[in-house]
Q: 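One structure coming up, written as structure tokens, with questions to follow.
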There are 2 protein chains.
Amino acid sequence: MTTLADVARHAGVASSTVSYVLSGKRSVSEETRERVRRAVETLGYHPHVGARALASSRSNVLALIVPLRSDMYVPVMMEIAIGVVTRARGHGYDVLLLTNDEGSEGIRRVASSARADAVILTDIGMEDDRIATIAETGVDAVLIGVPADPAGLDCVDLDFAAAGRLCVDHLAQLGHRTVAFIGEAEGVYRRHIGFAERTLRGIQDGAAAHGVDLVHRPCDASYEAAAGALARILEERPHTTGLIVQNEGIIPPLMSLLRTTGRAVPEDVSIVALCPDPVAEQTAPRLTSVTIPAAELGIRAVDLLMRRMASGAAGEVRLIPPSLTIRGSTGPRPA
Amino acid sequence: MTTLADVARHAGVASSTVSYVLSGKRSVSEETRERVRRAVETLGYHPHVGARALASSRSNVLALIVPLRSDMYVPVMMEIAIGVVTRARGHGYDVLLLTNDEGSEGIRRVASSARADAVILTDIGMEDDRIATIAETGVDAVLIGVPADPAGLDCVDLDFAAAGRLCVDHLAQLGHRTVAFIGEAEGVYRRHIGFAERTLRGIQDGAAAHGVDLVHRPCDASYEAAAGALARILEERPHTTGLIVQNEGIIPPLMSLLRTTGRAVPEDVSIVALCPDPVAEQTAPRLTSVTIPAAELGIRAVDLLMRRMASGAAGEVRLIPPSLTIRGSTGPRPA
DNA sequence: TTGTAAGCGTTATCAG
DNA sequence: CTGATAACGCTTACAA
């Protein structure tokens with residue numbers, strides 16, 4: 001293994017000089033800087049991150065905590081992860097992947113062992129246990145999601161309340177009076193995951209404002225669950241002409257079911273989805289949707305974290321305004 | 001921050017003793033061991049991983065490298081990641097997430113900076129550049145996937161050739177004589193990704209053995225691509241009664257398209273899929289499929305890596321035998 | 001502009 | 001069975 005000392009010897013300078021060339025923390029003459037650069041290059045030197053972490057008490061790692069259940073928001077999580085990793089690398093950081101089953105203990109572990117400098121949390125509950133742990137350990141953190149009380153916390157998220165509202169607005173404008181909201185699995189609401197509750201509230205507010213008759217049905221990500229939810233909706237409220245869906249997994253079955261039961265989209269029933277664009281574009285007809293900008297959430301989370309670590313600032317909630325893309329799945333209410 | 005020395009002072013022993021209690025690398029009297037334990041507990045001591053890495057030259061981190069393109073095998077990758085992280089934690093390791101866009105440079109970086117002790121590669125090409133880098137850097141590695149020449153490498157994978165063969169066997173047994181294989185995106189074959197080529201060969205061999213008339217169509221993960229591929233197949237080979245699908249993304253559109261064009265599954269056309277079980281169970285009818293045991297691949301990869309790091313053994317290719325689950329999407333060839 | 005040297009918190013060797 | 005103590009490779013005052 002080649003070390004700083006090796007490079008220094010090769011370049012004929014002191015090892016601190018090499019360190020300074022690499023960190024840029026003090027000015028070095030162009031000449032020696034070049035000599036050091038060359039030595040680094042020819043020796044293929046890579047600083048030992050452990051030694052660096054020990055000396056500087058910064059690991060240049062950030063931890064991303066994702067939910068363990070592999071059946072939830074999978075494409076969204078994957079995109080977030082990719083956004084985070086890509087952006088973090090751009091800032092010279094590596095990303096440690098933790099699963100939620102370690103819970104608060106995982107945060108405590110990586111923070112107090114100096115494995116990571118900061119953490120990014122996802123799948124945020126309205127009252128999330130881990131928030132206390134963050135405060136307690138003092139580790140820098142950014143939440144992708146917003147808890148009930150975000151005081152002092154840095155959060156990034158889509159403005160889900162506005163997103164829900166947008167869906168209803170669109171359907172109401174098209175004349176729909178009876179709308180059903182097929183949401184995430186029951187358990188998501190039971191755990192009081194922020195985005196799910198906010199979306200629901202946005203939809204409810206919109207329905208109230210427009211005088212739209214609304215029903216909410218949580219739904220597991222299985223064919224049966226989708227079939228059951230849809231059947232019940234159509235049976236109990238046969239005049240339903242508008243559907244809002246926030247559950248990527250059941251979009252394909254839902255489309256099939258509608259076709260099977262002889263309901264044309266958008267002629268008989270209009271559908272608005274809350275999902276990443278690729279998902280909305282994979283059906284026929286394509287779905288009118290409010291996009292979930294997952295990769296961007298990851299990117300912004302990293303940027304916010306960097307800002308926070310640099311300036312010590314804290315307590316910003318950044319909500320991305322939703323935007324609705326009209327595709328082929330929505331149309332005027334049938335006569 | 002509390003250090004080894006703090007614990008030692010608190011317990012009234014030498015710091016080396018604390019270290020030995022923690023590592024168990026030499027015997028310590030029950031009494032002092034207990035005293036140290038208590039001190040660790042009350043002080044909430046967590047060893048500094050950087051210092052530990054520096055002194056022991058082991059980071060207790062392994063790097064998982066996943067493809068960047070977020071549109072490919074997403075559920076599979078996510079499951080692999082979860083399997084890897086969970087198992088790694090069980091062995092006391094943390095997992096660093098790298099994307100493939102860093103390529104060989106990423107491997108070189110984490111290996112030579114001692115950021116990770118070992119790497120797990122996915123998305124393996126038949127002739128994969130990164131294999132040379134592994135040899136060159138001497139970093140411990142396990143591939144999830146098998147290159148053309150796996151000599152000296154540790155690999156884990158589903159036996160995709162056998163899996164492909166199994167699909168054809170099943171259809172042939174049901175009497176199907178004209179079969180189409182709708183595969184991954186063109187680019188996957190162009191990059192000579194191992195699993196795709198092996199599956200294709202398995203299917204081709206099976207078709208030859210059974211005298212089945214086969215055509216292979218790569219297909220992007222979009223509705224249009226699926227529609228185009230299916231239309232072309234049915235136009236050029238109207239007698240096609242069997243479909244093998246290896247492309248999770250297009251399963252939902254495919255099912256819709258068949259229904260739209262008036263083909264009943266399995267009465268008119270039988271479908272066998274190569275995908276994770278949850279995907280196969282999300283359609284109606286459910287799909288007869290050969291499962292891709294993604295989480296298990298991740299778990300086995302970690303186990304293999306641990307074995308390798310412990311014993312220095314190398315060069316094992318572990319192929320998981322495929323198993324076909326008959327569900328509702330396959331039936332006898334129509335008269 | 002550059003060099004010297006004191007840590008950073010572990011591990012592991014060498015004595016005892 | 002336990003204690004000192006020299007590394008480990010880097011950062012960062014402090015000098016020059």
Q: Does B/Ser27 put a side-chain nitrogen or oxygen below 4.0 Å from OP1 or OP2 of D/dC1?
A: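 Yes, because at least one side-chain N or O of B/Ser27 sits under 4.0 Å from OP1 or OP2 of D/dC1.
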Q: According to a strict under-4.0 Å criterion, is A/Ser56 in side-chain N/O contact with OP1 or OP2 of D/dC10?
A: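 Answer is no, no contact under 4.0 Å.
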Q: So, OP1 or OP2 of D/dC1: does either fall under 4.0 Å of a side-chain N or O from B/Arg26?
A: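 Answer is no, no contact under 4.0 Å.
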Q: For C/dT11, does either OP1 or OP2 sit under 4.0 Å from a side-chain N or O belonging to B/Lys25?
A: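 No.
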Q: If you find the nucleotide of DNA chain D closest to A/Arg52 and the one closest to B/Gly12, which residue's nucleotide is nearer the 5' end?
A: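 Upstream on the strand: B/Gly12.
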Q: Will you find, in the side chains of B/Asp128 and B/His192, an N or O donor that is under 3.5 Å from an N or O acceptor?
A: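 Not at all, the side chains of B/Asp128 and B/His192 share no donor-acceptor pair under 3.5 Å.
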Q: Nearest whole Å is fine: how far is C/dG3 P from A/Arg9 CZ?
A: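 That distance rounds to 14 Å.
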Q: Does B/Ser29 put a side-chain nitrogen or oxygen below 4.0 Å from OP1 or OP2 of D/dC1?
A: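 So the side-chain polar atoms of B/Ser29 never come under 4.0 Å of the phosphate oxygens OP1 or OP2 of D/dC1.
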Q: NA contact type, A/Thr3, heavy-atom cut-off 4.0 Å: base, sugar-phosphate, or nothing?
A: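 Here A/Thr3 touches the backbone only, sparing every base.
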Q: Is A/Thr32 touching bases, backbone alone, or none of the nucleic acid, heavy atoms closer than 4.0 Å?
A: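 It contacts sugar-phosphate atoms only.
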Q: Distance check: side-chain N/O of A/Tyr20 vs OP1/OP2 of D/dA13, anything under 4.0 Å?
A: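 For A/Tyr20, the contact criterion (side-chain N or O under 4.0 Å from OP1 or OP2 of D/dA13) is not met.
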Q: Tell me if the side-chain of B/Ser16 makes a donor-acceptor pair with the base of D/dT2, cut-off 3.5 Å, by modelled atom types.
A: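 No, the side chain and the base share no sub-3.5 Å donor-acceptor pair.
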Q: More 5' along DNA chain D: B/Leu54 or B/Arg35, using each one's nearest nucleotide?
A: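 Nearest nucleotide further toward 5': that of B/Arg35.
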Q: To the nearest Å, give me how far apart NE2 (B/His48) and P (C/dC8) are.
A: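 Going from NE2 in B/His48 over to P in C/dC8 covers 11 Å.
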Q: Would you mind reading off the distance between A/Asn60 atom CG and D/dC10 atom C1', rounded to a whole angstrom?
A: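 A/Asn60 atom CG is separated from D/dC10 atom C1' by 13 Å.
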Q: Is any side-chain N or O of B/Ser19 closer than 4.0 Å to OP1 or OP2 of C/dT11?
A: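 Yes, within the criterion.
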Q: Is it true that B/Ser59 and B/Asp117 share a donor-acceptor pair across their side chains at a distance under 3.5 Å?
A: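 Yes, a side-chain donor-acceptor pair sits under 3.5 Å.
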Q: Does atom CD of B/Glu30 have more than 12 heavy-atom neighbours from other groups under 6.0 Å away?
A: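 Atom CD in B/Glu30 is packed in, count exceeds 12.
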Q: Looking across every strand, which nucleic acid part, if any, lies under 4.0 Å from B/Val49 by heavy atom: base, sugar-phosphate, or nothing?
A: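 Nothing, no heavy atom under 4.0 Å.
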Q: Between B/Arg87 (side chain only) and B/Val302 (backbone N and O only), is there a donor and an acceptor less than 3.5 Å apart?
A: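 Answer holds: no.
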Q: Ion pair present between A/Asp101 and B/Arg89, side-chain N to carboxylate O less than 4.0 angstrom?
A: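 B/Arg89 and A/Asp101: not salt-bridged.
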